[in-house]
2 protein chains.
Amino acid sequence: MFVKIDLTSDVPIYLQIKNAIIEGIARGELKEGDSLPPIRQLAEDIGVNMHTINKAYNLLKDLGFITINKKYGAVISVEGFNETFMENLKEELRPIIAEAFVKGIDKETFLKLVEGILDEFGGSKNE
Amino acid sequence: MFVKIDLTSDVPIYLQIKNAIIEGIARGELKEGDSLPPIRQLAEDIGVNMHTINKAYNLLKDLGFITINKKYGAVISVEGFNETFMENLKEELRPIIAEAFVKGIDKETFLKLVEGILDEFGGSKNE
DNA sequence: TATTTGTTATATATATTATATAACATATAT
DNA sequence: ATATATGTTATATAATATATATAACAAATA
């Protein structure tokens, strides 16, 4: 499985798992309709507790990236963005951009950085 | 004072204060050499505990946005970015960009959003 | 009927966040 | 000298978040 956990990170484990799955979708390694592993199995695979996986899956459900049911388990099913998402996105980005701006990173450099990350995902769309 | 706290937010108060000050610098409301209010005064102004302000100021110091001494208190003094900062910035941005990408926001729309935020800061550089 | 799934309920432990008081060291002003 | 203002440090307390451990439950499947 693609999820690697850094126990020394200050990012909580359940958020690392959430991020890894979203980035897996972004890179095309997980596609609409794919099932995620059962919570107990993924928990054992990466050496964390079942409830930590459960928390990550429920967050992914609330964020609109998967659906969960007892037939098929956790299945990738992405809801498109809406106005609320765009507003939250802006509020998340603002402090990060402010830090970079104050540190002296110019507009062009910052936009190149963002483009670089976007290309990690969009570059190989069909594989 | 410019710091507004949202007690219902899931962002810790000391981080809201940190962000507000960095955004204050970014908008030109705080300039290199300006003093921030004493921790006890700012604490009373916005209705939080002294130690919460102290925590925010020490974080700002560690991040390279202010210096602190007993003569002048907390003074805006920005260290420029370095390689470590750029790496951390990228790691902070990646999960946010991945979410937006998976939700179907296209490259151009995302870059426009970032530009819009940058223009909140860079637009009125000398005032 | 047994197994697998997510879910729920307790319990425990640790870390983080925030507050409350108090005292301390240093610099400044009177 | 004395008082004041500054950030700092030390305790203590409380609430919340994070993570683990066990156990039981309900629904679907084999």
Side-chain angles (χ1 to χ4, degrees), chain A residues 1 3-22 30 33-77 79 88 92 95, chain B residues 1 3-22 30 33-77 92 95:
Chain A
M1 193 52 185
V3 181
K4 295 266 165 48
I5 298 305
D6 176 6
L7 293 172
T8 73
S9 168
D10 56 341
V11 180
I13 299 172
Y14 78 100
L15 290 182
Q16 293 186 45
I17 294 164
K18 179 215 90 177
N19 289 338
I21 289 168
I22 293 175
L30 289 169
D34 284 354
S35 283
L36 295 175
I39 58 177
R40 288 172 181 81
Q41 181 187 315
L42 183 53
E44 198 175 12
D45 277 7
I46 64 184
V48 302
N49 190 270
M50 180 193 77
H51 292 100
T52 304
I53 308 293
N54 193 238
K55 193 171 181 177
Y57 279 14
N58 273 287
L59 179 55
L60 285 166
K61 183 184 69 179
D62 292 343
L63 293 173
F65 290 98
I66 65 174
T67 55
I68 305 178
N69 64 66
K70 285 172 188 174
K71 274 193 194 178
Y72 306 106
V75 177
I76 308 294
S77 166
E79 279 178 25
N88 291 342
E92 266 189 298
Chain B
M1 192 56 183
V3 182
K4 295 267 165 44
I5 299 304
D6 176 6
L7 293 172
T8 73
S9 169
D10 56 340
V11 180
I13 298 173
Y14 79 100
L15 290 182
Q16 292 187 44
I17 295 165
K18 179 216 87 176
N19 288 339
I21 289 169
I22 293 175
L30 289 169
D34 285 354
S35 284
L36 295 176
I39 58 178
R40 288 172 180 81
Q41 181 186 314
L42 183 54
E44 196 176 14
D45 277 7
I46 66 183
V48 301
N49 191 271
M50 183 192 74
H51 292 101
T52 304
I53 308 293
N54 193 239
K55 192 170 182 178
Y57 279 15
N58 274 286
L59 179 54
L60 285 166
K61 183 184 68 179
D62 292 343
L63 293 173
F65 290 98
I66 66 175
T67 55
I68 304 178
N69 64 66
K70 284 170 189 173
K71 276 193 192 177
Y72 305 107
V75 177
I76 307 294
S77 167
E92 267 189 296

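The chains referred to below are lettered A, B, ... by the order of the sequence lines, with proteins before strands, and numbering in each begins at 1.
Straight-line distance from the CD1 atom of Ile13(B) to the P atom of dT17(C): 11 Å, rounded to whole Å.
Every residue two or more places apart in sequence or in another chain that forms a side-chain contact (heavy atoms from CB on, under 4.5 Å) with Glu79(A) is listed here: Lys103(B). With sequence neighbours excluded, no residue satisfies side-chain hydrogen bond (donor to acceptor under 3.5 Å, both in side chains) with Lys70(B). Listed by chain and number, the residues in a side-chain hydrogen bond (donor to acceptor under 3.5 Å, both in side chains) with Asp10(B) amount to none (sequence neighbours excluded). Here Asp6(A) pairs with Thr8(A) under the side-chain hydrogen bond (donor to acceptor under 3.5 Å, both in side chains) rule; sequence neighbours left out. Evaluation of the side-chain contact (heavy atoms from CB on, under 4.5 Å) rule for Ser77(A) yields Glu32(A), Thr67(A) as partners, not counting sequence neighbours. Shown here are the side-chain hydrogen bond (donor to acceptor under 3.5 Å, both in side chains) partners of Asn49(B), two or more places apart in sequence or in another chain: His51(B). Contacts of Pro38(A) classified as side-chain contact (heavy atoms from CB on, under 4.5 Å), with partners at least two apart in sequence or in another chain: Gln41(A).
Here the CD1-CD1 distance, from Ile5(A) to Ile13(A), works out to 6.5 Å after rounding to the nearest 0.5 Å.
A donor-acceptor pair shorter than 3.5 Å can be found between the side chains of Lys61(A) and Asn58(A).
Each end of the helix from dT1(C)-dA30(D) to dT30(C)-dA1(D) yields a helix axis from five base pairs, and these two axes differ in direction by 10° (to the nearest 10 degrees).
Heavy atoms only, all atoms of each residue included: Gln16(B) and Lys4(B) are closest at OE1-O, 4.1 Å.
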Could you list all N or O pairs between the protein and nucleotides 3-7 of chain C that sit under 3.5 Å apart?
from, atom 1, to, atom 2, distance (Å)
dG6(C), OP2, Ile39(A), N, 3.2
dG6(C), N7, Arg40(A), NH1, 3.0
dG6(C), O6, Arg40(A), NH2, 3.1
dT7(C), OP2, Asn54(A), ND2, 3.2
dT7(C), O4, Arg40(A), NH2, 3.2

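A nucleotide of DNA chain D counts as in contact with chain A when one of its atoms lies under 4.0 Å from a heavy atom; the first and last such, 5' to 3', are dT18(D) to dT29(D).
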